[in-house]
2 protein chains.
Amino acid sequence: MKVTIQDLAAQLHLTTATVSRALNNHPRISDSTKKAVVELAEKMNYRRNRIASSLRSGKTHTIGVIIPSAEINFFGSVVHGIESIANTNGYNILLYQSNESTEYEQKAIETFIDVRVDGVLASIAKETTDITHYLELKSKGIPLVFFDRSKDMVNIPSVVVDDFKGGYMATQHLLQQGYRRIAHITGQLHLKIFNDRLNGYKSALHAAGIEVDESLIYYGNVSIEAGKEAINYFFGMAEPPDGIFAVEDFTALGVIKAAKEKGISIPEQLGVIGFANESFDEHITPSLSSMDQQTVLMGREAFKLLLELIYEKEEVQLKKVNVVLEPIARFRQSSMRQMIVNKL
Amino acid sequence: MKVTIQDLAAQLHLTTATVSRALNNHPRISDSTKKAVVELAEKMNYRRNRIASSLRSGKTHTIGVIIPSAEINFFGSVVHGIESIANTNGYNILLYQSNESTEYEQKAIETFIDVRVDGVLASIAKETTDITHYLELKSKGIPLVFFDRSKDMVNIPSVVVDDFKGGYMATQHLLQQGYRRIAHITGQLHLKIFNDRLNGYKSALHAAGIEVDESLIYYGNVSIEAGKEAINYFFGMAEPPDGIFAVEDFTALGVIKAAKEKGISIPEQLGVIGFANESFDEHITPSLSSMDQQTVLMGREAFKLLLELIYEKEEVQLKKVNVVLEPIARFRQSSMRQMIVNKL
DNA sequence: GTGAAAGCGCTAACAT
DNA sequence: ATGTTAGCGCTTTCAC
């Protein structure tokens, strides 16, 4: 039933050592025996037991991936990028969801240590502030790369999108479209990504010679509801904004829904742009402008970075590598009052 | 640096066997030694090497999961369900994407065999017609459960949604709303799920005493484009339909987009319902009625079924178990011309 | 270019 | 309730 290298060795009157070398394409094994071994292996339907191999060699060719939830489009897309490239490089993906909880994160890391993954890719849970559990990987010599959600202070490589630039570009776009009183709906500011977008917004205003008006910044919790609340707040003002940059697309969706209810026309009366390029953006009415975070590329880059770390184990891992991806503007109806836009 | 049970055994003047048993909570080990072992393990920061454990025991506590793509919402959601319950049961998920290709599927299965997963959950790639590569798992004694996309002929347990019933319910709903000339846009009919939905459609018409009109069935390829093409076809007819049941939501989306362009009012002039309950459904205008496939539940049920098979290895695995989940109707604006509907 | 021997860390018979 | 012994299947020195 189960064929091992011992069976192959016996049949060929070789030792298991030689068979193992032949299967691993060892340079000092003659081509003839290699051929014989490989052929017999195929004929006998031999399959290497990777558990045994891993135990001896210490390599599992498996990497652990922690995401908040596979249900979130964004992370599904990143995982898609990771798995594709990992696969072509002979690595497998062990998938864990943190559900935004530090406790689950901790469990994942312990499991990864137990199964001796060769490396870990992770996006930090919203709940997590202290990341010492991640540092345990380091102490065990397991390379770690953060993607999307990372921590600034620590010396861990990461792949993120340039949120500052994204915020800047989004705001600049609204300015170029002739909007002048531009508001921002932000998110939990202890998360760097939201903070960066806010700063990009401010910076774009400065660059245009417009003073930041704190009353035009609404502090929300990143949800459809937050967008609706923001509209209520803004359109209760004596002088409401004529443009809104929302920190992400669900917030922007709330803005659009509430604006419709109030009879505020988009993009004529109010320009709207979000962030994330969610799949619904192009299907709603009006279609929603947004900043694409290059999710699949992010996954690929994160894996490539991790792979480098895996191979350079011995060398200085202290160099701080941070890959920063350019956000890509996706301008649609919700913010385009100056051009003819593709009909829905 | 790395602590093994030998270190624990030495410190406590016990054998590795006893330590192993203590750590595994073996019934015949005294509470006192258990306590001592566990405490020392914690103190020395011991972590079981699961590779070694797996090699010896033959169990990896890992299951392989094959999905077409993590980028597809539906599968992300199912994976969410699988991972959650697997995790609470002490199982890890090895994730593979088939990209709808038989070749990748084959690779995934070989890998799963090599790493000795305890079981496999899979959704068959669109391209795949011959599933003998899946049967290899069986021959190696690795349990397999299909979810969503399964094959009827073979004797493999599966968890699917009742597509026939879903098609029936969707069509029936349109009838109840007073639509009389109801069309259907179908998909690749070699896939059972699409075939079942078509039959549900036909059956609902029969039950209402309406003859099936073949000219009202459009054969599409499951895409936004297919929906648009279908509208062109239907509204080129002398007597166009007044209701459309689309085989899934992207097709329905195409219908809505094309209808808007043609000035066909929804739901007044044309009722539309899709299938899948995609996340965009409730955000488009008009919001799209659809049939929910209970994705998270599907993942949970699939795992539970697999777990049973893993534990019953020796027993007859020949019984054909097919869990069929009820689709859940999500009626929204696109099909509701008789009731007052929540505004967007 | 191949063999001999050891061992990765754990678990499971079989003892007692 | 614990010890003895063996071995899961592979890789890897160290020989020659």
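In the text below, chain A, chain B and the rest are named by the order of the sequence lines, each starting its count at 1.
Whole-Å rounding puts the B:Arg50 CZ to C:dC10 P distance at 13 Å. Between the NE2 atom of B:His61 and the P atom of C:dC10 there is a distance of 15 Å, rounded to whole Å. Protein atom CZ of B:Arg48 is 17 Å distant from nucleotide atom C1' of C:dC8, rounded to whole Å. In this structure, CG of B:Asn49 is placed 6 Å from P of C:dC10, rounded to the nearest angstrom. Spacing between atom CD of A:Gln6 and atom P of C:dG3 amounts to 14 Å, rounded to whole angstrom units. Remark: C1' of C:dC8 and CZ of A:Arg56 are 6 Å apart, rounded to the nearest angstrom.
Note on A:Arg149 versus A:Glu100: salt bridge recorded, some NZ/NE/NH1/NH2 to OD/OE distance being below 4.0 Å.
Nearest heavy-atom pair across A:Ala9 and A:Thr15 is CB-C, 3.7 Å. Smallest separation of non-hydrogen atoms from A:Ala52 and B:Leu55: CB-CD1, 3.7 Å.
For B:Phe75, there are no ring pair (Phe, Tyr, Trp, His ring centres under 6.0 Å) partners two or more places apart in sequence or in a different chain. The side-chain contact (heavy atoms from CB on, under 4.5 Å) check on B:Ser53 picks up B:Arg48, B:Ser57, with sequence neighbours excluded. Taking the salt bridge (charged side-chain N to carboxylate O under 4.0 Å, His left out) definition, one finds that B:Arg21 meets it with nothing, sequence neighbours left out. Here B:Glu136 pairs with nothing under the salt bridge (charged side-chain N to carboxylate O under 4.0 Å, His left out) rule; sequence neighbours left out. A:Tyr134 meets the ring pair (Phe, Tyr, Trp, His ring centres under 6.0 Å) test with A:Phe146; sequence neighbours excluded. Here B:Lys43 pairs with nothing under the salt bridge (charged side-chain N to carboxylate O under 4.0 Å, His left out) rule; sequence neighbours left out. Partners of A:Asp114 according to the salt bridge (charged side-chain N to carboxylate O under 4.0 Å, His left out) rule, which considers only residues two or more places apart in sequence or in another chain, are B:Arg47.
Contacts of residues 37-46 of chain B with DNA chain D (heavy atom under 4.0 Å): none. Within residues 11-33 of chain A, the residues that have a heavy atom under 4.0 Å from DNA chain D are, in order of number, A:Thr16, A:Ala17, A:Ser20, A:Arg21, A:Asn24.
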Extract all donor-acceptor atom pairs below 3.5 Å that involve side chains of residues 66-73 of chain B and protein atoms in other chains or at least two apart in sequence.
from, atom 1, to, atom 2, distance (Å)
B:Ser69, OG, A:His80, ND1, 3.3
B:Ser69, OG, B:Glu71, N, 3.0
B:Glu71, OE2, A:Ser77, OG, 3.2

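In 5' to 3' order, the nucleotides of DNA chain D bounding all contacts with chain A (an atom under 4.0 Å from a heavy atom) are D:dG9 to D:dC14.
Between the side chains of B:Ser98 and B:Ser101, no donor-acceptor pair of N or O atoms lies under 3.5 Å.
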Chi angles and distances behind the side chain to side chain contact (heavy atoms under 4.5 Å, CB included) call for B:Lys140, B:Phe112: CA-CA 11 Å; B:Lys140 300 272 181 186; B:Phe112 290 162; over 6 Å; no
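Contact annotation: B:Arg47 side-chain N/O to C:dG9 OP1/OP2 distance is not under 4.0 Å.
Both B:Lys34 and B:Arg116 lie close to DNA chain D; mapped to their nearest nucleotides by heavy-atom distance, the more 5′-ward contact belongs to B:Lys34.
Taking five base pairs at each end of the helix from C:dG1-D:dC16 to C:dT16-D:dA1 and finding the rotation axis that steps the C1' atoms of four pairs onto the next four gives two axes whose angle is 30°, to the nearest 10°.
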